[in-house]
Amino acid sequence: MLLRTRITFLLLLVMAALVALLGLFSIAWNNDQKEQLNAILLKTQQVAWERLQKTELQQMESAAQRILANPKWQRAWAAGDRGELAQILAVEVPAAHRRIDALDEQGRIVVTTSALAQPEPIASATAIDGARVGQGLASGLEVSSDRVVRVVVLQGFRVGERDGVLTLGADMANALPQFGALFGASVFLLNSNGRELAATVPGQWAREQLTPSMLESGVQGQRSPTGVLWRLQVHALNGLNGRAVVRLVVAQDVSALGEAQSRDASIYVGILIAVLGLMAAGVFVYLRFALRPLERSVQVLRDLAQGQLRQAPEDDDVALVDEAGAIARGVAALRAEMLNFEMLRDERIRAGQQQERLIRRQLKELAETIDESARYEILEALEQRPGATDAGQGGSLVELAQLLGRMSGLVISQQDRLVGLLTALRNAMAQQAKLLALEQELEIARKMQMSILPRLALDSKAVQLSALMIPAKEVGGDFYDYFLIDENLLALVMADVSGKGIPAAFFMAISRTLLKSNICFFRDPALAMSAVNELLCAENEEMMFVTVFVGILDLRTGHLSFVSGGHNPPVVRRRDGQTHWLTQEQNVALAVLEGAQFEPGALTLEPGDTLFMYTDGVTEAADISEALYGEEHLLDVVEAATSDAVELPQAVLASVRQFENSAPQADDITCMAVRWVGVDEQPGVPA
């Protein structure tokens, strides 16, 4: 695939990604606005319903107080005069949708305003018993056995030796038309099974086959089989027992609004696709002409790779001031260097031939010093002429070197004393080669170990982070790690493997890999430490262990959850310069005890606070008199340092080096500083 095609595709992908992000942001913003509007609408409807219900309750409570305070009522109740009681209740029922019952101590209706022959109480037996025993005022919603939703007031009373309960109820179906007119919608009262109890348009709920999926208050959209898109606002209404007994549903027809939104979305997507197509065509045409000089330079490079030096970049391409011109000038310079190299190679061949003739002449003179039997063989080999090519010249020089070795061996064999010395020298050279090979392998191991440590800066403005590791030998057992679990969670690891050298380095690599994978899987420091401990204990024949501090920092809040497995406590430096040791649970190191449990800890960082983690190579650094650096010295350095997390590890290292005073480093030195900037601050700006 051509470069311009790849670049066009790449730009298209980038633009498509930007458009997708813009669309997702727009969708999220619209959803947030919808949720806010729905919350306001639900709150408004709830307040309106509570006012309607409160009005009914206040009127019925006043009626209950008037009835019970009426001397005629008290005399009629004491005498059991039902006729007089009925006349008093009839006066207090001004509206047809209200009903009043008077019940005796057994909960039986003594007198009622209901027109039914055998009416049931409008309140549950539990509510009636509670009002009778407590003789207090209770109010709330009730659904009677005839599936009527009423707001009910219960008032227990006693006249003489007779107890009773006065219940007043108002049918809330009477308030639905007024409530529906406020919001221009259909209103329904449903029981817990979703069955219609009352509605502004009776039977509409069943005809539209509406079924709200939520039991609590909320807003949902639903399209009925008739094709109408409904927006249902559901309110859970509690009864006298404090539990939801009725759901108030406000249904609005939003079909026209939904169709308009779909149409606008289609137009928006079409415009975006057209813009992307035009941009892709423009980029392709532009790159077709812009990359022609680069294509000519590539062709010259192909010729140079095949050894053809005749073709050169065009002068117009070399004169360009853009990247294509820079490449053309580079190709021209490469061609000039290759021409120079051809000349130098020819000169080197001539010089080699001259050196060969000189060496042969000197070897012939040296051959005269050895015995006659070997001299003839050496002189015959020296008479052979080398080839004319560079490869042949190199081969002749190798043969001459071999002849020189043989002649040296013949001379040495005549002197027994020199044989022993040369043998010892040869053995020493072999040992030196092995030592050199071992040093090279250790250097490779050191580079590999350093390469697995994180070196790239975090892609987050909420945190500053800096770390360093100075091994005591070519390879060490300390390691640190930091990585983002997701866009909000940052994992921090500081560890020290027992021992030093190659075994500690291998154990360090295994431990780091297991910790990273388990932290990303569990997202919990304690669970990750337990899992890694079981894996390390399973096959730990060398009885090695590792002390670990693992923390997970929430970049949004500064909350740090951590677990320490026998590791040194980190230092917390507050934004005002105050420092203290991080309080942590005493857990065992990893790979020490199979089945060990790890107790976690937690810390909340404020914006500008810094967490400094380290290994014992810092606090146990010794000077020439073997005095230890110590924890108090470290605490003083952290407190005196600046708040910049990038400078803190270097400041601690400089303090340790000054304390050591040229004493050899006894242990690996590893430390890491993490400063939580906060979501509203910029990195590098003091808090």
Side-chain angles (χ1 to χ4, degrees), residues 447-471 475-497 505-533 535-536 546-565 567-568 570-572 582 584 589-590 598 600-605 609-615 644-646 648-649 668-679 683:
K447 291 181 179 179
M448 291 179 63
Q449 183 183 30
M450 297 302 292
S451 67
I452 67 176
L453 298 177
R455 291 174 291 177
L456 298 177
L458 286 174
D459 188 16
S460 174
K461 296 182 180 180
V463 67
Q464 286 184 342
L465 191 147
S466 178
L468 60 83
M469 186 183 83
I470 310 297
V475 292
D478 287 6
F479 71 94
Y480 67 86
D481 201 358
Y482 57 85
F483 52 91
L484 289 170
I485 301 174
D486 57 27
E487 62 181 2
N488 296 320
L489 297 181
L490 172 63
L492 305 171
V493 180
M494 179 64 62
D496 185 1
V497 178
F506 276 107
F507 201 76
M508 164 267 200
I510 295 172
S511 302
R512 177 186 178 274
T513 302
L514 292 176
L515 279 169
K516 187 169 184 177
S517 60
N518 281 276
I519 290 172
C520 291
F521 179 77
F522 289 104
R523 298 192 175 201
D524 183 280
L527 295 179
M529 290 279 282
S530 298
V532 174
N533 181 66
L535 293 173
L536 293 178
V546 54
T547 65
V548 183
F549 177 87
V550 175
I552 297 179
L553 176 63
D554 193 325
L555 299 180
R556 298 165 299 181
T557 62
H559 179 76
L560 176 70
S561 58
F562 62 88
V563 171
S564 175
H567 199 74
N568 304 75
V571 180
V572 179
L582 177 63
Q584 58 187 21
L590 295 181
F598 295 86
L603 172 69
T604 299
L605 297 177
D609 290 353
T610 302
L611 181 70
F612 182 78
M613 296 162 282
Y614 60 95
T615 61
D644 192 350
V646 177
L648 185 54
D668 304 332
I669 296 177
T670 306
C671 56
M672 178 167 59
V674 180
R675 178 174 180 260
W676 184 60
V677 178
V679 295

message: Quick one, Asp668 with Val497, criterion side-chain contact (heavy atoms from CB on, under 4.5 Å). Give me CA distance, side-chain angles, the key distance, then yes/no.
response: CA-CA 10 Å; Asp668 304 332; Val497 178; over 6 Å; no
Could you tell me if the side chain of [Y] sits less than 4.5 Å from the side chain of [X], heavy atoms only?
| X | Y | answer |
| --- | --- | --- |
| Asp496 | His567 | yes |
| Phe598 | Asn533 | yes |
| Ser466 | Leu648 | no |
| Pro600 | Ser561 | no |
| Leu492 | Leu465 | yes |
| Tyr614 | Pro649 | no |
| Asp554 | Leu489 | yes |
| Val548 | Val493 | yes |

query: Who pairs with Phe483 by side chain to side chain contact (heavy atoms under 4.5 Å, CB included), at least two apart in sequence or on another chain?
result: Asp481, Ile485, Ala491, Lys516, Ile519, Cys520
Where is the tightest heavy-atom contact between [X] and [Y], given as atom of each residue plus distance?
| X | Y | answer |
| --- | --- | --- |
| Thr615 | Ala495 | CG2-O, 3.6 Å |
| Ala673 | Phe612 | CB-CD1, 4.0 Å |
| Ser511 | Val546 | OG-CG1, 4.0 Å |
| Val563 | Ala526 | CG2-N, 3.5 Å |
| Phe562 | Ala602 | CE2-N, 3.3 Å |
| Ser564 | Phe549 | CB-CD1, 4.0 Å |

Could you measure the distance from the [atom1] atom of [X] to the [atom2] atom of [Y]? Nearest 0.5 Å is fine.
| X | Y | atom1 | atom2 | result |
| --- | --- | --- | --- | --- |
| Leu555 | Lys461 | CG | NZ | 14.0 Å |
| Ile552 | Asp524 | CD1 | CG | 6.5 Å |
| Leu535 | Ser517 | CG | OG | 8.0 Å |
| Leu453 | Met508 | CG | CE | 4.5 Å |
| Met529 | Leu515 | CE | CG | 7.0 Å |

message: Counting only heavy atoms not in Phe522 (residues, nucleotides, ligands), do more than 12 fall under 6.0 Å from its CZ?
response: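 Counting neighbours around CZ of Phe522, more than 12 heavy atoms of other residues, nucleotides or ligands fall under 6.0 Å, so yes.
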message: Test side-chain contact (heavy atoms from CB on, under 4.5 Å) on Phe507 and Leu590; report intermediate values, then the result.
response: CA-CA 11 Å; Phe507 201 76; Leu590 295 181; over 6 Å; no
query: Does a donor on one side chain and an acceptor on the other come within less than 3.5 Å for Thr670 and Asp478?
result: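 Side chains of Thr670 and Asp478: pair found under 3.5 Å.
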task: Please lay out, stage by stage, how Arg523 and Asp486 fare under the test side-chain contact (heavy atoms from CB on, under 4.5 Å).
output: CA-CA 10 Å; Arg523 298 192 175 201; Asp486 57 27; 2.8 Å; yes
message: Please evaluate residues Met494 and Asn568 with respect to the criterion side-chain contact (heavy atoms from CB on, under 4.5 Å), reporting the C-alpha separation (whole Å), side-chain torsions for both, the decisive distance (0.1 Å), and the verdict.
response: CA-CA 10 Å; Met494 179 64 62; Asn568 304 75; over 6 Å; no
Residues that Phe479 engages under ring pair (Phe, Tyr, Trp, His ring centres under 6.0 Å), provided they are two or more places apart: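 Testing Phe479 for ring pair (Phe, Tyr, Trp, His ring centres under 6.0 Å), a comparison that skips the adjacent residues, returns none.
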